[in-house]
Amino acid sequence: MPFLAVLLIIIGLFFGISGIFDFIVGSLKLVFYFFAILFLGGGIMVLFRKIKS
């Protein structure tokens with residue numbers, strides 16, 4: 001019985017850690033997308049300003 005309990009705990013930890021890792025990776029992707037949009041928006045704004053002047 002203790003072996004089964006340890007096995008369940010290990011499996012639970014594995015899924016928990018992989019879930020947290022996935023969440024962190026997802027957050028990083030969102031941050032990268034945010035920066036990409038920010039830089040693209042900034043670049044487009046600069047181009048428009050150069051075209052206008």
Side-chain angles (χ1 to χ4, degrees):
M1 285 300 278
F3 175 73
L4 185 67
V6 169
L7 194 70
L8 284 171
I9 289 165
I10 289 167
I11 291 167
L13 281 172
F14 177 73
F15 279 117
I17 290 164
S18 64
I20 289 164
F21 185 71
D22 198 49
F23 177 72
I24 290 165
V25 169
S27 300
L28 282 174
K29 279 182 186 172
L30 280 174
V31 169
F32 277 116
Y33 284 133
F34 177 73
F35 275 115
I37 290 164
L38 213 70
F39 280 114
L40 281 169
I44 289 163
M45 289 290 284
V46 169
L47 281 173
F48 275 130
R49 279 184 187 165
K50 281 186 176 176
I51 288 163
K52 278 182 183 175
S53 61

*Asks:* Mind checking who shares a hydrophobic cluster with Ile37, ILVMFWY linked at side-chain heavy-atom distances under 4.5 Å?
*Replies:* none
*Asks:* Assigning hydrophobic clusters by single linkage (Ile, Leu, Val, Met, Phe, Trp, Tyr; side-chain heavy-atom cutoff under 4.5 Å), is Val25 placed with Phe34?
*Replies:* no
*Asks:* Does Leu47 sit in a hydrophobic cluster with other residues, and if so which ones, taking ILVMFWY side chains as linked at heavy-atom separations under 4.5 Å, directly or through other members?
*Replies:* none
*Asks:* Donor-acceptor pairs under 3.5 angstrom involving side-chain atoms of residues 5-23: please list them, not counting sequence neighbours.
*Replies:*
from, atom 1, to, atom 2, distance (Å)
Ser18, OG, Phe14, O, 3.1
Ser18, OG, Phe15, O, 2.9

